[in-house]
Amino acid sequence: MASLSLRGIYKKYPGGVVAVSDVNVEIRDKEFIILVGPSGCGKSTTLRMIAGLEEISEGELYIGDRLVNDIAPKDRDIAMVFQNYALYPHMTVFENMAFGLKLRKVPKDEIARKVEEAARILDLTHLLERKPKAMSGGQRQRVALGRAIVRNPQVFLLDEPLSNLDAKLRAQMRTEIAMLHKRLGTTFIYVTHDQTEAMTMGDRIVVMKDGFVQQIDTPQNLYLNPVNKFVASFLGSPQMNMVDAVLRNEGGRYYVEFGSSDTKVSRGVRYQIAIPDEKCNPQLANYVNKEVIMGIRPESIHDEPQYLNNATTGIIECTVEITEMMGAETYLYLNCEGISLTSRVAPTSTARAQDTIKVVLDPYKIHLFDKETEVTIMN
């Protein structure tokens, strides 16, 4: 098993295109780490540099204590699972899983033992004589995982392995891969653009945008303490609400003020939410009477009577534009003074489209971001 160290890694293409910039990540032995970000952010390029499929333009890559910049992919002791499975259609499951071992001249009895063990772990024993075309997408993905497992590599690299599966199968395979990681006790590096996969599977997440690492942390810390607006809005479904606001200080107390004074588009009402003293920090003094961005997650906007009756600040009036019944919860799409908000409420909510309702924004769950740099001011 192995740790990995990416130190000042760059990927530059001809014509001045920089795909990955100054990536510094320390990956612990046996860790399950996720690279996540929108398409084109550099996550797959980073993974391919770890695999040796892309040359590193600058920086150093260590697997364990060994510098591997100039080591061929086959000598790095890693295994990669691709998005499209990359199975040989004319070979059976057994032959697909055994192929890499045969190339390495592994004895036949050892190949059989390793393939059968991997098949048992992945529930593929009854499919060993089948060919890929006679299997479902989920089964093929398990074969691709099995082909990697039999090699017993130091590091598993998985490049969007679930993106070709339907939603139900994706959820099932997420669980299977997480359990597989625990069973094998190997370092996993997993690339995805799906933040649900990232939040549910990884020990830590590396959030990337435009080739730069934005933040590295546990799923919970990323969710609760994002370093900037991008991380805050990328993680979480539905997304965090972002509202243009102004920070005020009246009588030594900080308030976030938002709404509209334009009676052509609304009633011309502005709201103030008092920020709890324990959330305040010295940075806020630099933003008094300046525009900021207020962030609040959908689950922190409540329409239940117990919240409304006990709230001393943060109550606003909205029009319900759409309701989405999700079974265990309901999403309310709201309009408040021309500002769109999404609220995640209990399924017992009686709010319906075109209703005018009151909701309360939990002041303890407000985030503030710098309007220009989008860096977090307050979590």
Side-chain angles (χ1 to χ4, degrees), residues 36-39 162-163 165-172 174-175 192-201 205 207 219-220 222-226 228-245 256 258-260 265-267 269 271 273 293-311 313-369 379:
V36 70
S39 296
L162 309 185
S163 60
L165 305 180
D166 63 52
K168 184 179 178 184
L169 208 47
R170 267 208 309 274
Q172 180 188 330
R174 279 204 307 266
T175 307
T192 181
H193 64 271
D194 183 327
Q195 54 96 14
T196 304
E197 283 180 26
M199 294 292 285
T200 54
M201 295 172 74
I205 300 173
V207 184
Q220 187 171 22
L222 286 173
Y223 194 76
L224 296 176
N225 300 299
N228 58 34
K229 182 188 169 193
F230 173 78
V231 175
S233 59
F234 188 79
L235 296 174
S237 181
Q239 283 190 350
M240 181 184 283
N241 297 287
M242 297 292 177
V243 179
D244 289 336
V256 183
F258 67 96
S260 176
V265 297
S266 66
R267 295 167 299 131
V269 177
Y271 292 102
I273 302 176
I293 299 169
M294 177 183 75
I296 187 161
R297 295 206 179 272
E299 62 269 26
S300 301
I301 302 178
H302 306 282
D303 73 340
E304 297 91 338
Q306 67 264 34
Y307 287 100
L308 288 163
N309 294 339
N310 294 323
T313 188
I315 297 175
I316 64 173
E317 194 168 275
C318 303
T319 301
V320 180
E321 296 191 324
I322 301 172
T323 63
E324 284 185 356
M325 313 290 185
M326 307 296 288
E329 57 198 8
T330 295
Y331 297 162
L332 304 180
Y333 295 91
L334 309 169
N335 186 306
C336 171
E337 297 299 307
I339 298 164
S340 295
L341 296 170
T342 304
S343 171
R344 176 192 276 156
V345 296
T348 51
S349 172
T350 57
R352 295 295 177 264
Q354 307 312 313
D355 286 355
T356 298
I357 64 169
K358 286 185 177 177
V359 295
V360 57
L361 280 60
D362 186 342
Y364 288 91
K365 300 296 173 64
I366 285 173
H367 303 256
L368 294 181
F369 306 97
N379 276 321

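Note: hydrogens, waters and symmetry copies are ignored here, and every other heavy atom, side chains too, is used.
Residues passing the salt bridge (Lys or Arg N to Asp or Glu O under 4.0 Å) test with Arg344 are Glu299, Glu329, sequence neighbours excluded.
The shortest side-chain heavy-atom distance between Met294 and Leu368 falls under the 4.5 Å cut-off. Residues Thr342 and Gln239 have side chains not in contact (no heavy-atom distance under 4.5 Å, counting atoms from C-beta outward). Using a 4.5 Å cut-off on side-chain heavy atoms (C-beta onward), Thr192 and Met201 make no contact. Side-chain contact between Leu341 and Val243: present, with at least one pair of heavy atoms (C-beta onward) separated by less than 4.5 Å. Using a 4.5 Å heavy-atom cutoff, the side chains of Phe234 and Pro38 are in contact.
Considering all non-hydrogen atoms of both residues, Ile339 and Phe258 come closest at CD1-CD1, 3.8 Å.
Between His302 and Tyr307, the ring planes lie parallel to each other; the angle is under 30°, not in the 30° to 60° tilted range.
Atom-to-atom distance recorded for Leu332:CG and Asp303:CG is 5.5 Å, nearest 0.5 angstrom. For the atom pair Leu224 CG and Arg297 CZ, the distance stands at 8.0 Å (nearest 0.5 Å). Remark: Cys336 SG to Asn241 CG distance equals 11.0 Å, nearest 0.5 Å. Here Met242 contributes atom CE and Ile293 contributes atom CD1; the two are 7.0 Å apart, rounded to the nearest 0.5 Å. For the atom pair CD (Gln195) and CD1 (Ile205), the distance works out to 8.5 Å, reported to the nearest 0.5 Å.
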For residues 350-366, which side-chain donor-acceptor pairs fall under 3.5 Å, sequence neighbours excluded?
{"unit_1": "Arg352", "atom_1": "NH1", "unit_2": "Ser349", "atom_2": "O", "d": "3.4"}
{"unit_1": "Asp355", "atom_1": "OD2", "unit_2": "Arg352", "atom_2": "N", "d": "2.9"}
{"unit_1": "Asp362", "atom_1": "OD1", "unit_2": "Tyr364", "atom_2": "N", "d": "2.9"}

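Under the 3.5 Å distance criterion, the side-chain polar atoms of Tyr271 are matched with a main-chain donor or acceptor of Glu317. A donor-acceptor pair under 3.5 Å is absent between the side-chain atoms of Glu197 and the main chain of Arg174, judged by distance alone.
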Does the pair Glu324 and Tyr333 meet the rule for a side-chain hydrogen bond (donor to acceptor under 3.5 Å, both in side chains), with working shown? CA-CA 8 Å; Glu324 284 185 356; Tyr333 295 91; 3.2 Å; yes
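The environment of Gln220 atom CD is sparse: at most 12 non-hydrogen atoms of other residues, nucleotides or ligands sit within 6.0 angstrom.
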